[in-house]
Amino acid sequence: MCLARLNFKVVAIDADVGLRNLDLLLGLENRVNYTAMEVLNGECRLDQALIRDKRWTNFELLCINKPRYKMPLGFGGKALTWLVDALKKRPEGSPDFILIDCPAGIDAGFITAITPANEAVLVTTPDITSLRDADRVTGLLECDGIKDIKMVVNRVRSDMIKGEDMMSVLDVQEMLGLPLLGVIPEDSEVIKSTNRGYPLVLKKPPTLAGLALEQAAWRLVEQDSMKAVLIEEAPAKRSFLPFMGG
């Protein structure tokens, strides 16, 4: 949604086949009449399966299948690549961004989702279980030929970092060795927005997490990254500086 607000044409593909939820987060669940499976089966056109957001018409959603429907055994990376290629060849022009929401885990659904991709945004939280998983996923992405991998660190709490109860973003970056696209702070507004099906970044006034997401989207556009800085307590004799970067 941030990218759409920057006037880019965006298509989001919910490739989490078993547990799709992008339609819920965007408040579009009642408008899903056709999915990619109907397109692949010749039952509808691609433009009929694409759901255009009424708030930002340059943003569209494509769901792979309907809830409670089993995926055909034949659906895989080749079918998803065909869909991505078809999106690029639309008469109205190729989208500026095609975002594929990848399922969690590293099973067949993950392999299918990454097949058409040429870059990746890895989302992790600053805890040891997520970091172990993130390191494993990074290796699999690189083995699949995806070298352009950026990282978003989610649900960061500065109070816990200061109390040494949570790893710092700098620690995370040093462990994974990935360019940092954004740092999203813990924000109760995230839960409210997802339950209401209203994208966080549209909320006024903007929230801390919403602003952080906007900055991450801009870095994605600019092919840029940010640097994590270690925040340390200042010595007592320099008390006029409450915190200083290390």
Side-chain angles (χ1 to χ4, degrees), residues 10-26 28-29 32-51 59-90 94-95 97-125 127-155 172 175-179 181 194 220:
V10 182
V11 174
I13 301 176
D14 193 342
D16 192 346
V17 174
L19 299 171
R20 95 170 193 216
N21 54 31
L22 281 189
D23 55 326
L24 288 172
L25 302 182
L26 294 163
L28 301 175
E29 67 274 12
V32 181
N33 297 317
Y34 298 105
T35 67
M37 291 316 305
E38 281 82 18
V39 177
L40 293 170
N41 293 332
E43 299 172 20
C44 73
R45 302 186 308 272
L46 178 60
D47 62 292
Q48 290 178 299
L50 287 164
I51 306 166
F59 178 86
E60 295 174 297
L61 172 67
L62 177 64
C63 296
I64 298 296
N65 73 331
K66 295 179 179 178
R68 301 189 182 93
Y69 281 37
K70 291 185 178 180
M71 290 297 294
L73 294 176
F75 183 83
K78 289 184 178 180
L80 189 56
T81 300
W82 182 90
L83 287 169
V84 170
D85 290 341
L87 287 169
K88 294 178 180 179
K89 297 174 183 176
R90 294 171 70 192
S94 173
F97 289 90
I98 299 174
L99 305 177
I100 303 173
D101 182 27
C102 188
I106 54 173
D107 57 7
F110 168 80
I111 301 300
T112 295
I114 68 173
T115 300
N118 50 33
E119 58 184 291
V121 177
L122 183 66
V123 182
T124 185
T125 53
D127 59 82
I128 56 173
T129 54
S130 290
L131 292 176
R132 175 191 279 182
D133 294 346
D135 186 56
R136 173 68 171 147
V137 168
T138 300
L140 292 174
L141 290 170
E142 290 175 343
C143 288
D144 200 64
I146 301 175
K147 305 299 183 183
D148 187 352
I149 308 172
K150 295 183 176 66
M151 173 178 64
V152 170
V153 184
N154 195 23
R155 306 191 69 172
V172 174
M175 289 182 67
L176 296 180
L178 297 173
L181 190 65
T194 53
L220 186 64

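Numbers here simply count residues along the sequence, with the first being 1.
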Name every donor-acceptor pair, under 3.5 Å, that has one atom in a side chain of residues 101-125 and the other anywhere in the protein, sequence neighbours excluded.
| from | atom 1 | to | atom 2 | distance (Å) |
| --- | --- | --- | --- | --- |
| Asp107 | OD1 | Gly109 | N | 3.3 |
| Thr112 | OG1 | Ala108 | O | 3.0 |
| Thr115 | OG1 | Ile111 | O | 2.7 |
| Thr115 | OG1 | Thr112 | O | 3.4 |
| Thr125 | OG1 | Asp127 | OD2 | 2.5 |
| Thr125 | OG1 | Ser130 | OG | 2.8 |

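- Between Leu26 atom CG and Asn21 atom CG the span is 9.5 Å, to the nearest 0.5 Å.
- Taking 4.5 Å as the limit, every side-chain heavy atom of Glu38 sits out of range of all side-chain heavy atoms of Asn33.
- Taking the side chain as every heavy atom from C-beta outward, Glu60 and Leu87 never approach each other to under 4.5 Å.
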Evaluate side-chain contact (heavy atoms from CB on, under 4.5 Å) for Asp23 paired with Ile51, printing each intermediate quantity in order. CA-CA 9 Å; Asp23 55 326; Ile51 306 166; 5.7 Å; no

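- Atoms CG and CG, on Asp14 and Leu28 in that order, are 11.0 Å from each other to the nearest 0.5 Å.
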Donor-acceptor list for residues 132-146 side chains, cut-off 3.5 Å, not counting sequence neighbours:
| from | atom 1 | to | atom 2 | distance (Å) |
| --- | --- | --- | --- | --- |
| Thr138 | OG1 | Ala134 | O | 2.8 |

Check against side-chain contact (heavy atoms from CB on, under 4.5 Å), Leu80 and Ile13: CA-CA 10 Å; Leu80 189 56; Ile13 301 176; 4.2 Å; yes

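- Residues passing the side-chain hydrogen bond (donor to acceptor under 3.5 Å, both in side chains) test with Asp148 are Lys150, sequence neighbours excluded.
- Enclosure of atom NZ in Lys89 is not indicated, since only 12 or fewer non-hydrogen atoms of other residues, nucleotides or ligands lie within 6.0 angstrom.
- Between atom CD of residue Glu43 and atom CD of residue Gln48 there is a gap of 11.0 Å, rounded to the nearest 0.5 Å.
- Looking at Thr81 and Val84, their side chains never come closer than 4.5 Å, going by heavy atoms from C-beta outward.
- Between the CE atom of Met37 and the SG atom of Cys44 there is a distance of 10.5 Å, given to the nearest 0.5 Å.
- Contact between Asn65 and Arg20 at its shortest, heavy atoms only, is O-NH1, 2.6 Å.
- Taken from CG in Leu46 to CG in Leu83, the straight-line distance is 7.0 Å, to the nearest 0.5 Å.
- The CG atom of Leu25 lies 6.0 Å from the CG atom of Leu22; values are rounded to the nearest 0.5 Å.
- Between Leu62 and Ala36 the shortest heavy-atom distance is CD1-N, 4.2 Å.
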